[in-house]
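What follows is a single structure, written as structure tokens, with notes after it.
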Amino acid sequence: DAGITQSPRHKVTETGTPVTLRCHQTENHRYMYWYRQDPGHGLRLIHYSYGVKDTDKGEVSDGYSVSRSKTEDFLLTLESATSSQTSVYFCATSPGLAGASEQFFGPGTRLTVL
Amino acid sequence: GENVEQHPSTLSVQEGDSAVIKCTYSDSASNYFPWYKQELGKRPQLIIDIRSNVGEKKDQRIAVTLNKTAKHFSLHITETQPEDSAVYFCAAGTGNQFYFGTGTSLTVIP
């Protein structure tokens, strides 16, 4: 595994509360990604980062924000959690663009919004 | 954006038989096509990838074929073993435009 950790690994929260998930990497990869995984939908990109303080939206970005203040950390925030955001969230990193190089995934965070 | 379709969604094979998973994509600009394997409760991991300038790539029991004209690519696993049981995801894209298929749950029956 490419030295990618996620915290927390499991979280249960209530509708309307803010939630922040953290991804930490030790590989010095430039690119970092947040995906959500739901049955029947595979992996869908939420946001990605192409450098410190450089981020962009993915396919399913509504209700999520991200920040990257240093190379090794990428934070995903659910501004006001909803039940539809119950999912497994994976962070990934890559040395090059997603469309050109292997992505390395973290262990995932299982989030339940009640 | 890109639309990646993957079939079948579930696949059961006898140990020793071959398994084939197929994906189609819509954007002719896509030029990178990886396959990821995800075991139950684990993270996805790359098992093989292919680029648009190559038609076929093999790695031991695993092979991937690409038909750019028809916009489809396939994963072939020969001599399947119980440890091949997992969910397999195809993906397609270029640059920062990158999309996954919905996954195929493969079960290898001993």
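Reminder, nothing fancy here: chain letters follow the sequence lines and each chain counts from 1. From a predicted model like this one, the values you see are computed outputs, not experimental measurements.
Of all heavy-atom pairs spanning Tyr99(B) and Glu59(A), the tightest one is CD2-OE1, 3.8 Å. Scanning all heavy atoms of the two residues, the minimum distance from Gln38(B) to Phe90(A) falls at NE2-CZ, 3.4 Å.
Ring pair Phe100(B)/Tyr35(A): centre-to-centre distance below 6.0 Å. Proximity of the aromatic rings of Tyr36(B) and Phe105(A) is defined here by a centroid distance below 6.0 angstrom, and this criterion is met.
At most 12 heavy atoms of other shown residues, nucleotides or ligands fall within 6.0 angstrom of atom CD in Gln60(B). Counted within 6.0 Å of CZ on Arg110(A), heavy atoms from surrounding residues, nucleotides or ligands total 12 or fewer; the atom is thus considered open. Heavy-atom contacts from other residues, nucleotides or ligands closer than 6.0 Å to CG of Leu114(A) number more than 12. Around atom NZ of Lys68(B), more than 12 heavy atoms belonging to other residues, nucleotides or ligands sit under 6.0 Å away. More than 12 non-hydrogen atoms from other residues, nucleotides or ligands lie less than 6.0 angstrom from CD of Glu79(A). The environment of Glu56(B) atom CD is dense: over 12 non-hydrogen atoms of other residues, nucleotides or ligands sit within 6.0 angstrom.
The same ILVMFWY cluster, assembled from side-chain heavy atoms under 4.5 Å apart, contains both Ile50(B) and Ile48(B).
Your options are Pro34(B), Pro44(B), Gly103(B), and the one with the most heavy-atom pairs under 4.5 Å with chain A is Pro44(B).
With rounding to the nearest 0.5 Å, the separation of OG in Ser101(A) from CG in Leu46(B) is 10.0 Å. How far CG of Leu43(A) is from OG1 of Thr102(B): 10.5 Å, rounded to the nearest 0.5 Å. If you take CD on Gln45(B) and CZ on Phe104(A), they are separated by 9.5 Å, rounding to the nearest 0.5 Å.
Contact of Gln6(B) with chain A is not made at all, since no heavy-atom distance falls under 4.5 Å. Proximity to chain B involves both the backbone and the side chain of Gln103(A), based on heavy atoms less than 4.5 angstrom apart.
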